[in-house]
Number of protein chains: 2
Amino acid sequence: MKKEIDNKLNLKNIKPTAMRQLVLQVLTEQKTAISLPELEQKFEKADKATLYRTLKTFQEHQLIHSIEDGSGSLRYALCEDFCTCEPEHLHVHFLCNKCGKTYCMKDLPVPQPDLPNGFEFSSANFVVKGICSNCKK
Amino acid sequence: MKKEIDNKLNLKNIKPTAMRQLVLQVLTEQKTAISLPELEQKFEKADKATLYRTLKTFQEHQLIHSIEDGSGSLRYALCEDFCTCEPEHLHVHFLCNKCGKTYCMKDLPVPQPDLPNGFEFSSANFVVKGICSNCKK
DNA sequence: ATAGTTCGTGCAACCGAGTTGCAAACTTAC
DNA sequence: GTAAGTTTGCAACTCGGTTGCACGAACTAT
Ligand SMILES: [Mn+2]
Ligand SMILES: [Mn+2]
Ligand SMILES: [Zn+2]
Ligand SMILES: [Zn+2]
């Protein structure tokens, strides 16, 4: 739905260019987080740098969040509407060792461990690895 | 202590070559986890590939573990003697946003979250980011 | 409407971490 | 000793990410 795409962009104060609409379209279609190289392949002919900067813009405006899953490339996924990317909204991610897909476990908040004296929590990246339900059966 | 170094290597069934002794020496001196590029700089003249393969060997023999801290390069730190790198021995890591150092929080075990049906836990990487006690004061 | 300015895009070039092939040096087994 | 296996050094390469720059589209001020 074209209208919804533009709506989302407007809500996050991102000027809805053609490129950005296309990228957001792709992002919305994903059930798992996507990397820049993967995103690149979704287009017949698209420039890496432009996609890179598009993702960067999206992230700066908290439309998407990035996940360091250790797979060699950063992965990106849509934030939930109410998300402000603050520590209390962080969730666990799951990387499947078999299919390589990275899932947002939106229902699993990242626990905030008791750090030693003097250490200050500001953010966290919690990636669980294993076999996903799809690869399991 | 030269003897201790060789001892550790022997214990983990790693042939104690000169290179490996040197690398293990450096690793033991670190209070925070070290990356391959950082390790490279610790030597006047050392080959990246050799260091790389040395770290790989160490890891395969569970002398060290690697940490995906999202800093752009993998970090490595010594395992504790009893460590077998199994899920229950995993600990939290802390990356300081200021000095960039990565700490092993050996006293903080990685919690094992309740995954949805069909998802199987096999490993995890839990990195907390913030300001370390050294940068705080 | 025009001119000036800002913004987005495309292309090429670059960087740095990690990785591999290969040959020389070294170690171990016989 | 020689032969076989292992470790090392060097060079080359891959790949994700990032930047400089120039062109064109869009927006602003006059
Ligand atoms: Mn997520
Ligand atoms: Mn550690
Ligand atoms: Zn899977
Ligand atoms: Zn610090």
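These values consider heavy atoms only, across backbone and side chains, with no hydrogens, waters or symmetry-generated copies. Chain letters run A, B, ... following the sequence lines, proteins first, then strands; residues in each count from 1.
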Spacing between [X] atom [atom1] and [N] atom [atom2], to the nearest angstrom:
{"X": "A/E60", "N": "C/dC7", "atom1": "CD", "atom2": "C1'", "result": "14 Å"}
{"X": "B/L36", "N": "C/dG16", "atom1": "CG", "atom2": "P", "result": "14 Å"}
{"X": "A/E38", "N": "D/dC15", "atom1": "CD", "atom2": "C1'", "result": "14 Å"}

- Close residues, residues 39-56 of chain B, relative to DNA chain C [heavy-atom separation under 4.0 Å]: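 By residue number: B/K48, B/A49, B/Y52, B/R53.
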- Query: Tell me, which of residues 12-22 of chain A have any heavy atom that sits under 4.0 Å from an atom in DNA chain C?
  - Reply: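 Within this stretch, A/K15, A/T17, A/M19, A/R20 sit under 4.0 Å of the strand.
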- Item | Verdict with supporting geometry, B/E29 and B/Q25, side chain to side chain donor-acceptor pair (under 3.5 Å) | CA-CA 6 Å; B/E29 286 164 1; B/Q25 180 62 51; 3.1 Å; yes
- Do other residues, nucleotides or ligands put more than 12 heavy atoms under 6.0 Å from B/K129 NZ?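 Above 12, so yes.
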- Query: What pairs with B/K12 under side-chain hydrogen bond (donor to acceptor under 3.5 Å, both in side chains), at least two apart in sequence or on another chain?
  - Reply: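 Counting only residues at least two positions away or on another chain, B/K12 forms no side-chain hydrogen bond (donor to acceptor under 3.5 Å, both in side chains).
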- Message: If the condition is ring-ring contact (aromatic ring centres under 6.0 Å, His included), which residues does A/Y103 pass it with, not counting sequence neighbours?
- Response: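 Only B/F119 meet the ring-ring contact (aromatic ring centres under 6.0 Å, His included) criterion with A/Y103.
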- Message: Show every salt bridge (Lys or Arg N to Asp or Glu O under 4.0 Å) that has at least one partner inside residues 36-50 of chain A, sequence neighbours left out.
- Response: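 Residue pairs with at least one partner in residues 36-50 of chain A: A/E38-A/R75.
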- Item | Minimum-distance pair of heavy atoms, taken over all atoms of B/L108 and A/D114 |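 Closest approach of B/L108 to A/D114, heavy atoms only: CD2-O, 3.5 Å.
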- Message: Given 3.5 Å as the limit, does a donor-acceptor pair link the side chain of B/R20 with the main chain of B/K15, or not?
- Response: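 Here the side-chain-to-backbone pair exists.
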- Query: For A/K136, which residues count as a salt bridge (charged side-chain N to carboxylate O under 4.0 Å, His left out) partner, sequence neighbours excluded?
  - Reply: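 Result, salt bridge (charged side-chain N to carboxylate O under 4.0 Å, His left out) vs A/K136: B/E120.
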